[in-house]
Structure formats: C-alpha cells, structure tokens
Number of protein chains: 2
Amino acid sequence: MGIGNVSERRDEAPQVGVTSVILALGPADDGDRRRLWLPLVRRVREPFLGAWALPGGPLRACRSLERSAYETLASTTDLHPGYLEQLYTFGDPERSRGGVPMVSICYWALVGQVDVASLEPRHNVAWFADDALPDLAFDHRRIVDYAIWRLRHRLDMPKVVRELVGATFTLRELHAVSEAVEGRPIDLANFRRRTLASGMLEETGERRRVGRQRPAALYRFRADADAPADDGSLPQGFDAGELSRIAAAAPASHGHAGALSALTTDMRP
Amino acid sequence: MGIGNVSERRDEAPQVGVTSVILALGPADDGDRRRLWLPLVRRVREPFLGAWALPGGPLRACRSLERSAYETLASTTDLHPGYLEQLYTFGDPERSRGGVPMVSICYWALVGQVDVASLEPRHNVAWFADDALPDLAFDHRRIVDYAIWRLRHRLDMPKVVRELVGATFTLRELHAVSEAVEGRPIDLANFRRRTLASGMLEETGERRRVGRQRPAALYRFRADADAPADDGSLPQGFDAGELSRIAAAAPASHGHAGALSALTTDMRP
DNA sequence: TCAAAAGTGTTGGGATTACACCCATGA
DNA sequence: TCATGGGTGTAATCCCAACACTTTTGA
C-alpha cells in the first residue's frame, strides 16, 4: 500500500459527511393504512441539482458521529428524535457521480408519530411517504431502503417501538403500529399473546375506551425492558434519554436554525 | 447547525482511516479445541506507543472502502481474505485519547484456516488467540469483540462458512468448525440434520476416511447457496470472488509489501 | 339486544433438543 | 469382534399461525 511517499497528501483524503434517514409514522389514510414518512431536501448544487436527497452535513472533528447526525436532523425538522442508530458507511468513489468523492456515514432516526400536514414548512424540505418517493440523488434510494429494512428488524426492541406509540397504549394500538411498519397484516390474537409473553410490557392498571366498546387495558414498556440483548459492549442505537444528553452537548443544535436552509451533504462538488 | 461561516474550515475535518479485524481459525490444541486468531500490529507512535492495535491505514478518496480494507490486510499478512464485511464506523472524539480525532471505518475479514506458526513473520506483527489477547490500544478491544460477535451471527451464511472449511468437507468437519467459532458444544446429530435440511449443501458423491473407520460423505456448498437472504439491495459482505475483483483493481495490494512495516492508523497524533 | 372491540382457547404443524440406537469399516 | 465414528430414529418440547370462541361495553 502506497509506494514511496507515505505521508498522505491532503487531496487524497475524501470528504466525509453524515447523512440521516429520518422516519416518522404518518396518520391513517382512508383505507385505514398508515405509512412511514421521511423528509427530503432539495439539492442546490450540481450534481443532481434540484433533485431530492437525504439530509446531511459535514463531519466535524470535535463532534461525535451521533451528534453530527443529530444536527442533520435539526437542519430539516424541529422534531426531536427518539431513536438514532448508525446504518452503514458508504464510500465508493463511483457514487459521487460527478462530485468529489464523498464518504457518507449514514444514520437512521425515528421521530415518532407525525401529522405531516401540521409541520411547520421549511425551505427546501418536504416530507414523502415511503411508497411515494421521488427519484433520489446519488445512491440515496438504496440508503432509504436499507433504513426501512433496519427499522423492520428492530421492531422487537422496546427502544424503537417506544418511539412509535405513546407513553401508554393499548395492545391494539401497538398492533396497528406493527402492521404499519411491517407492511403486512398480523394476527391480533397471536400478537397479543406473543407481546405479553415477551415480558417487555407491564400493565398500568388503567383502561382506555376508544369507541363505545369495552375499554382496553393500558400498558407501558417496563423500565428495564431494553437491557442489552446479546452483548453490552456492542454498538447499539440511542434512545430518547441518551439523545437528550447528546443534544445537550450541542451548542445550537435544534430550535431555531434561523434562515439557514437545510443542507444535503453528499458529494457536493 | 453552524451559525455564521458555513464553509467548513479544513482543520475541522477529522482524520479518516480504515481498520480491520482479521480472523482466522487456528489448529486444534491438546484439548482438541480450536480458537480464532487475529493479527495485531505494534504501535510505533504515541499515544499507546508500543501497545498492540488493529491494523489500519488512511482512507484515500480514490479507493473504495473495501479496497482500503483489503490493503490493511495486505499490510499485515500475505493471506488472501475470503470474506470481508463492514462492521461499524467509530468516531467519538474521546476515543483518540491524546491523538488527533480519528474516524475509523472498521471491517472484519476472514482468512480461512491458519497454522499461525507456519506464517512468515512480519515486522511489528503478531498473531493472538481470541482468548489470549493483550491489552489493546484505544477502543480496539471493543471492536474485536464486535467482530467476533458478527462472525458468530454470520455462521449460517455459506459465504462465511465456505472460508472456514475446504472446498469439500465432511459434516463432522463442518460441525467442528461451528463449535470452534460458536465456542460451545453442538449436538452432532442435530447439526447434521439441520444443515442438510437447509439445502445449502450438496453431496459430491465422494467419501473421505480419517481414521480407520467408516468413510464419511463429502459435501460442498451449492453454487447458488448464497442468494441474497432478505433484500438484494442491502449492503452485504464480499466473498472470495468479489474480493479478487476488488484486489485486481489495486495496484500493489498484496504480495510484497517490501520493507514497509505494517501500519496502524487509528488516531495517530 | 346488538355491534364492535377486548380478550381467551384450541388445534395442528414445524423446528429444536436430548439421547438412544443401528451401521460400516479396517485393525 | 471390537472400537470408532458415520448416520438414523424418536419422543418431548416449544413456538407460532390460524381461527373459533366468549366477554364486556355503551348506544
């Protein structure tokens, strides 16, 4: 590796950015179906000028990766993420397609349930349902697909599901969320048994009535429910508590991004 | 994010490197137990001068991440990797512990079965068994643990197991490898059934005798055995065939690294 | 009393485990 | 004929999908 001059010339180091797939659960539509929504940012430079892309920003040495990801969130939405997890790092020189080579450290985040229409609009930002995405810049479509795949495979983690329901919830609500994310019907009776048997939930003792029918028991996640499943020393996602600490360390991380339009990082020329 | 000057000042961009955990299956010891071995590199700079660390190298913009990882392999061992997969990207500013902030894109690789004693020794490189590792620099111990965890969770993938046995093998051999990697005893009879039922294997028609007992049937992995399990568009590991293409694109990737001593990348000051 | 949702029971199949057992082989 | 490993059988268990069923509620 590297004959001759071992010292790396500066122009040989690629650009490095952090890119985020921000997922939210939308409201039910006419067909009683809920979808995942995500915000995209319109590119203001070549290549892919005018195309939609994932939000991102440059990586600064003084910030952790998670905090950088957190800041890409703040640049596109005022919502607070409740879960954040590293996805994958993409760095193929080919993916820049005309821009300078760019390494993207990708994260995915959950921001809970969102009524997209009620969000304060931001310049150059728009939300899309996962089954109605526009063409995306670069390899961003692949990154989105991967993020959704990961969410589906995390759906048995309290850290994740906690974000998609309220603090307390009925089993039917939990079931509806699971069906929405999985994108397939799930037998309610079996879901109930499986979920209760997992030991993740505890009864609040209260009940909630939705229509005029029999009220349903309310549950919450047990406080110790997200104990490390396999090996505590391994990289894991961050839940709301950990994220608030990450955010607290950030100077102007969220709230007013002022007149700044949201950024996309990837491979800008 | 970022009030005022949006253009990133150069000194705010962190160093970026690629780090690899190179795993090999060692020979059986007295107790008939086999272990995972990995090569480490002695650091020649502060911090952690003299400590053992994972091999790594800087990331160049013109190379893919996989090729960079491949080159960290070439810098520590002449063995050809048969499997390579991205692990995780570590980038906490705290992890540099006195060096400049360093983002490490970590890979893990398999180089098959190795008799460590017979390897050509390299300057500043030594192999260690996974249960007899020295103290490692930085957070490298955690990275090793994570790599082994990932290997264990990939053991049902033909791409991976193929690397740990020969082209053809008896079920007992396959069983021994699984036990060694999992680190626990596995019922042979059930292993046999499960493995055959998975459809990954096909009989060669030949037989092999080890002692003086009844000869065992030889199997090989089916050519189409590693079809994408879940979703083809997702990031996956690379097997030997794909790696040879990656390596072919590299100018002086393996073979003679000449008088160059192996490098560690992480967080050098 | 009725619709709608809450919640329970029952059954069968598939996968896994533990362990006993038979078979083939050459010394 | 015997030890050794190759290979099969089997019963117990667990988990899960399917779906019928009972209960509770307010209108």
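Chain naming here is simple, since letters A, B, ... match the order of the sequence lines and numbering starts at 1 in each. Please read these numbers as outputs of a predicted model, since none were measured by experiment.
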Atom-pair distance ([atom1] on [X]; [atom2] on [N]), nearest Å:
X      : N      : atom1 : atom2 : answer
B:E173 : D:dG5  : CD    : C1'   : 13 Å
A:N190 : D:dC14 : CG    : P     : 18 Å
A:I186 : D:dC16 : CD1   : C1'   : 13 Å
A:L188 : C:dA5  : CG    : P     : 11 Å
B:R192 : C:dT17 : CZ    : P     : 16 Å
B:L218 : D:dG7  : CG    : C1'   : 15 Å
B:L174 : D:dG7  : CG    : C1'   : 16 Å
B:R208 : C:dT25 : CZ    : P     : 17 Å

[options]: which one has an atom nearest the side-chain heavy atoms of [X]?
X      : options               : result
B:R194 : D:dT8, C:dT16, C:dA6  : C:dT16
A:A216 : C:dA6, D:dG9, D:dG7   : C:dA6
A:R172 : C:dA6, C:dG7, D:dA17  : C:dA6
B:D187 : C:dA6, C:dC19, D:dA27 : C:dC19

[N], OP1 or OP2 - any side-chain N/O from [X] closer than 4.0 Å?
X      : N      : answer
B:R212 : C:dT25 : no
A:R209 : D:dG26 : yes
A:R193 : D:dA17 : no
A:R207 : C:dG7  : yes

Step through the shown structure and confirm whether more than 12 heavy atoms of other residues, nucleotides or ligands are within 6.0 Å of CG on A:D135. no
For A:R222, I'd like to know if atom CZ has over 12 heavy atoms of other residues, nucleotides or ligands within 6.0 Å. no
Confirm from the modelled atom types if A:R214 and C:dA6 form a donor-acceptor pair under 3.5 Å, side chain to base only. yes
Do the charged groups of A:R122 and A:D78 touch, with an N to O distance under 4.0 Å? yes
May I ask you to decide whether A:E203 forms a salt bridge with A:R220, counting only side-chain N to carboxylate O separations under 4.0 Å? no
Taking for each residue the nucleotide of DNA chain C bearing the nearest heavy atom, is the 5' side occupied by B:Q213 or by A:Y219? A:Y219
With ring centroids as reference points, do B:F221 and B:F169 lie under 6.0 angstrom apart? yes
Contact nearer the 5' end of DNA chain D, comparing A:A189 with A:P215: A:A189
